[in-house]
2 protein chains.
Amino acid sequence: MSTADLDRSVDDDATLEADVFARACLSRPVLQTITGRWGGLVLAALGESPYRFSALRRRVDGVSERMLSQTLQQLERDGFVHREVQETIPPKVEYSLTPRGEQVAERLLGLIDFVESQMPDILADQDRYDSR
Amino acid sequence: MSTADLDRSVDDDATLEADVFARACLSRPVLQTITGRWGGLVLAALGESPYRFSALRRRVDGVSERMLSQTLQQLERDGFVHREVQETIPPKVEYSLTPRGEQVAERLLGLIDFVESQMPDILADQDRYDSR
DNA sequence: CCGTATCCTTAACGATACTG
DNA sequence: CAGTATCGTTAAGGATACGG
């Protein structure tokens, strides 16, 4: 089956207006990576400063070694994170944001900050919703 | 994690200054809802216009009835989405963004648009990463 | 120290049938 | 039309042991 059926005409900005609502849209997995359970937190953390693996794991509370490793690989693959290996003994690996990663982290931080600022009201709304 | 989940009786909320990096941070599930697999797309869709259930399901390609229903409930619970029932026959239910939801959708759209704009470069980076 | 590989558990998901 | 309930499946996640 083709997902191109619901053709929303490509408008003025042409090229990149791929429909994010389309099931097979290539940007979906990328968005999933950066907004998923750990991706957003990792990007936010690296927005503060570069981190080494262990330090990052401590910073992002609750992430397992496996998931952190996996998340970092995805972020590196998509060009959001840069991985720098220092061949010392013991070895050190530093993770930092690429320019693209910084742009994303910036926007992500804006979202996080807004939600944090709304938390008192959100919690109140949740309580109202739950008690009926 | 057990289903004991979030302790609603915040014994002493002197600090809503909660650290998003902390495992038990109350904002994490909220962020999860809006950035999760369907939450973001639903908010983005409702940012275009209000939708009724079926129309929304058609707009967000690939979402099942079950997941759409569940996602909308969470978004309504957190005060991002307003649900309006019209007692007609057949019944109609219209979903729209609350002011809070609009603020989030705005930021989410910014993120989505940026990623879309980067897709050509991201795909190239992915290819480079995969071929080694 | 920086991970990867393995195993196993849990949560998310989709399809479908059914109710108000 | 707008969902909820149930069930089987799949993907995500955590713990840990071990290699580089």
Side-chain angles (χ1 to χ4, degrees), chain A residues 1 3 23-24 28-42 45-46 50-77 81-96 129-130 132, chain B residues 1-6 23-24 28-42 45-46 50-77 81-96 129-130 132:
Chain A
M1 160 199 162
T3 49
R23 192 192 320 229
R28 272 202 192 179
V30 178
L31 284 165
Q32 206 41 50
T33 298
I34 65 183
T35 64
R37 183 162 178 192
W38 301 116
L41 289 173
V42 168
L46 292 178
Y51 277 92
R52 285 169 48 199
F53 188 85
S54 317
L56 193 53
R57 180 150 143 66
R58 278 188 296 271
R59 184 76 184 109
V60 181
D61 190 29
V63 69
S64 64
E65 287 188 1
R66 183 175 169 278
M67 291 315 297
L68 181 56
S69 173
Q70 200 170 105
T71 300
L72 284 169
Q73 283 181 33
Q74 291 169 345
L75 291 173
E76 189 192 358
R77 185 172 109 100
V81 161
H82 174 68
R83 181 172 180 272
E84 180 106 34
V85 182
Q86 294 172 42
E87 300 281 359
T88 58
I89 297 179
K92 297 183 182 182
V93 181
E94 186 170 85
Y95 292 92
S96 56
Y129 184 95
D130 290 342
R132 6 153 253 150
Chain B
M1 179 165 61
S2 85
T3 42
D5 64 277
L6 306 172
R23 191 194 319 232
R28 273 202 192 179
V30 177
L31 284 164
Q32 205 42 50
T33 298
I34 65 183
T35 64
R37 182 162 178 193
W38 301 117
L41 289 174
V42 168
L46 292 178
Y51 277 92
R52 284 168 50 198
F53 189 85
S54 316
L56 192 53
R57 182 149 142 65
R58 265 174 266 125
R59 183 79 184 105
V60 181
D61 189 29
V63 69
S64 64
E65 289 188 0
R66 183 175 167 277
M67 292 314 297
L68 180 56
S69 173
Q70 203 170 101
T71 300
L72 284 168
Q73 282 179 33
Q74 290 169 346
L75 291 173
E76 189 192 358
R77 186 173 108 99
V81 161
H82 175 67
R83 180 173 180 272
E84 180 106 35
V85 182
Q86 294 172 42
E87 300 283 358
T88 57
I89 296 178
K92 297 183 181 182
V93 180
E94 187 170 83
Y95 293 92
S96 56
Y129 184 95
D130 291 341
R132 10 149 253 147

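Here is the naming used below: chain letters follow the sequence lines, and residue numbers restart at 1 for every chain.
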Side-chain heavy atoms of A:L46 within contact of A:L56, under 4.5 Å: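 Yes; the side chains approach each other to less than 4.5 Å.
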B:V60 side chain near B:L68 side chain, heavy-atom distance below 4.5 Å: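 When only atoms from C-beta onward are counted, B:L68 and B:V60 do not touch, as no gap falls below 4.5 Å.
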From [X] atom [atom1] to [Y] atom [atom2], the distance as rounded to the nearest 0.5 Å:
X	Y	atom1	atom2	value
A:Y95	A:H82	OH	NE2	11.0 Å
B:F53	B:E65	CZ	CD	5.5 Å
B:R37	B:M67	CZ	CE	8.0 Å

Of the options [options], whose atoms approach the side-chain atoms of [X] most closely?
X	options	value
B:F53	C:dG14, C:dC1, D:dA2	D:dA2
A:E65	D:dG3, D:dT16, D:dC1	D:dT16
A:P91	C:dC1, D:dC1, D:dT4	C:dC1

Distance below 4.0 Å between [X] side-chain N/O and [N] OP1 or OP2:
X	N	value
B:S64	C:dC13	no
A:R37	C:dT10	no
B:R57	C:dG14	no
B:Y95	D:dG3	yes
B:R52	D:dA2	yes

Value in whole Å for how far the [atom2] atom of [N] lies from [atom1] of [X]:
X	N	atom1	atom2	answer
B:K92	D:dC1	NZ	P	10 Å
B:R23	D:dG13	CZ	C1'	13 Å
A:Q86	C:dG3	CD	C1'	16 Å
B:E84	D:dG3	CD	P	13 Å
A:Q32	D:dA11	CD	C1'	12 Å
B:M67	C:dT16	CE	P	17 Å
A:L68	D:dA12	CG	P	17 Å
B:Q70	D:dA5	CD	P	12 Å

Touch class at under 4.0 angstrom, heavy-atom based, for B:R83 against every strand present: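 Result for B:R83 = sugar-phosphate.
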Cation-aromatic face contact B:R132/B:Y129, 6.0 Å, 45 degrees: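 Ring-cation test returns yes.
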Can you name the atoms? Protein N/O to nucleotides 6-9 of chain D N/O, anything below 3.5 Å, with the distance.
none

Qualifying residues under side chain to side chain contact (heavy atoms under 4.5 Å, CB included), relative to A:P50, sequence neighbours excluded: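 A:P50 satisfies side chain to side chain contact (heavy atoms under 4.5 Å, CB included) with A:E94, A:S96 once adjacent residues are dropped.
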